[in-house]
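Heads up: the structure comes next, in structure tokens.
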Number of protein chains: 2
Amino acid sequence: MATNATVEEVLAELEQADTLEAIQGAILELQKYFQVDNMVYHWVDSAGEQYGYGTYPLEWAAHYQEQNYIRIDPVIAGCYKRFHPVDWKKLDWSGKAVRAFQAEAIAHGIGNQGYSIPIRGPNGQFALFTVNHTCEDAEWEEFTETNRRELILIAHYFNQKALEFEPNRTPEQSQPLSPREIDAMTLLAIGYSRAQVAETLSISEHTLRVYIESARFKLGASNTTHAVARALSRGLIVV
Amino acid sequence: MATNATVEEVLAELEQADTLEAIQGAILELQKYFQVDNMVYHWVDSAGEQYGYGTYPLEWAAHYQEQNYIRIDPVIAGCYKRFHPVDWKKLDWSGKAVRAFQAEAIAHGIGNQGYSIPIRGPNGQFALFTVNHTCEDAEWEEFTETNRRELILIAHYFNQKALEFEPNRTPEQSQPLSPREIDAMTLLAIGYSRAQVAETLSISEHTLRVYIESARFKLGASNTTHAVARALSRGLIVV
DNA sequence: CCGACACTCACTATTTCTGGGGAGTAAATA
DNA sequence: TATTTACTCCCCAGAAATAGTGAGTGTCGG
């Protein structure tokens, strides 16, 4: 590929990519094209497992994993609540732990500016595509303004590839819940007690219990709370 | 706007749009540009409410709503399970009710070809951007191949606008949970019982209960299941 | 037509959760 | 320094959830 590959070309190449190396190569090309410090695709599945590729320093990636920083990383927290691409400046960096995290990140070569695009899928899949750089606010502002559309597209393409390469991460396709089971799970998720759910659904509590149990079984859950949590993260119910 | 507005121009216009009319105008422009029969943005929120705009015949839209066709529409069902844009041909149109639905749709002026792009957000928000047309398979194939990227982008932009117009759908902010509370909620969400959580966290079950209760209080939840569900949908914990 | 599946109802014993109290330490913040 | 916040521990009684079985109806698709 030419040194000055355009985004179009890289995307076309990415579409054909069938090895992780090819994807990593595409990231490098894009990083070169956009002239940013880092570019990362990061995925969190509904089981809490992580996965990704990009150009963060290996040391930082390892440290991040090890410290389980995903728990305090405001980029994760912020994007998880949002629909749309977000500039890191807009996130909440207050809090002692977060500031320490930030300082550590910068010390590891992460730029002071960042732009992350959240992407969601069925079953609670959640991914982030991030570009990261060291520069002044104004410059970054212009960069994100200029390239937003292309970055959104790129995020989409990486996501598509990620799915191809991790078919096992795909939907823990659980058996679908029956309508009544969905009703039950939904009402439980919004705080109803068994008695209230049964009354709302106009069925006996005994019957309700059957639904809860079969839902628990289908979801591989060990108790009601677990079942509701799984139903939620797999997108089977919505609250 | 010029009759032959480009996608770029329409998107720029869409970004500035501050009325529903302007959005509807943008849809019409895009439909003209792509020369398709219909173009629709359709949103389903976490309370099951629907909302959208586009160029489906009003009669069909009303009928769809009235019959609650969202329950059997294979486009909805199929896209809900997928990450990526999907051609209607790839969906499952078997089933008696579904075939009847399909026949009815075509009779109401819906094209035989369709391409839908699913988009998801926090709190179970789910939206679809659809283009629909009447033509041969080969022609449609070429159309979608050619325009996929632009359609993905357009979907994103419509979605962004939809959020602006529905601010009440944005995440409720709640008090942040303390680290221990997050631990407790997380472990409960992955199926641990109180006893297991307490043991895992190396605290007494009594103490654990205090965390659960304060989390419940902060989240305005009526029981543990409710609290975990809220913590999940607000992105306070990740499972 | 038959089989699969969803939906409905019932009983009992055991385990777990919830809600009402009270109390002390350490750390961070005002 | 004073105050707030997080963290830890304890008791008890009543409410709710769970486990293990069983069984009859109706609908839909092959």
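Side chains included, hydrogens not; waters and symmetry mates left out as well; all remaining heavy atoms used. A note on names: the letters A, B, ... follow the listed sequences, proteins ahead of strands, and every chain is numbered from 1.
Atom-to-atom, CD of A:E213 to C1' of C:dC11 comes out at 13 Å; the value is rounded to the nearest Å. Atom OH in B:Y192 sits about 15 Å away from atom P in C:dC17, given to the nearest Å. Between the CG atom of A:N223 and the P atom of D:dA16 there is a distance of 18 Å, given to the nearest Å. Note: CG (B:L177) to C1' (D:dT5) measures 14 Å, nearest angstrom. Atom CZ of B:R180 and atom P of D:dA6 are 14 Å apart (whole Å). Atom pair B:E181:CD and D:dA6:P shows a separation of 7 Å (rounding to whole Å applied). At whole-Å resolution of the value, NE2 in B:H226 and P in D:dA17 are 14 Å apart.
With distances taken from any side-chain atom of A:H206 to the nucleotides D:dA6, D:dT8, C:dC11, the minimum falls on C:dC11. Taking only side-chain atoms of B:R194, from C-beta outward, the nucleotide of C:dC17, C:dC7, D:dT18 with the closest atom is C:dC17. With D:dC9, C:dT8, D:dA6 as the choices, the nucleotide that has an atom nearest any side-chain atom of B:V210 turns out to be D:dC9. Distance from the side chain of B:R216 is smallest for C:dT18 among the nucleotides D:dT18, C:dT18, D:dC7. Here the nucleotide nearest the side chain of B:S178, chosen from C:dA6, D:dT8, D:dA6, is D:dA6. Of the candidates D:dT8, C:dT18, D:dT18, D:dT18 carries the atom nearest the A:I212 side chain, counting heavy atoms from C-beta on.
At least one side-chain nitrogen or oxygen of A:Y211 sits closer than 4.0 Å to the OP1 or OP2 atom of C:dT8. Side-chain N/O atoms of B:T207 include none lying less than 4.0 angstrom from OP1 or OP2 on D:dC7. At D:dT18, none of the side-chain N or O atoms of A:R209 fall inside 4.0 Å of OP1 or OP2 (strictly under the cut-off). Side-chain N/O atoms of B:K218 include none lying less than 4.0 angstrom from OP1 or OP2 on D:dT5. When the side-chain nitrogen and oxygen atoms of B:S204 are compared with OP1 and OP2 of D:dC9, one or more of them lie within a distance under 4.0 Å. OP1 or OP2 of D:dT18 sits under 4.0 Å from a side-chain N or O of A:T224.
Although no hydrogens or angles enter the test, the distance criterion places no donor-acceptor pair under 3.5 Å between the side chain of A:N132 and the main chain of A:Y115. Between the A:R194 side chain and the A:R209 main chain, no donor and acceptor come within less than 3.5 Å of each other.
Side-chain contact between B:I203 and B:Y211 is present, with at least one heavy-atom pair separated by less than 4.5 Å.
Map B:L208 and A:E205 each onto its nearest nucleotide of DNA chain D; the residue landing nearer the 5' end is B:L208.
Heavy atoms from other residues, nucleotides or ligands lying under 6.0 Å from OH of B:Y192 number 12 at most.
A centroid separation of 6.0 Å or more is found between the aromatic rings of A:Y41 and A:F129.
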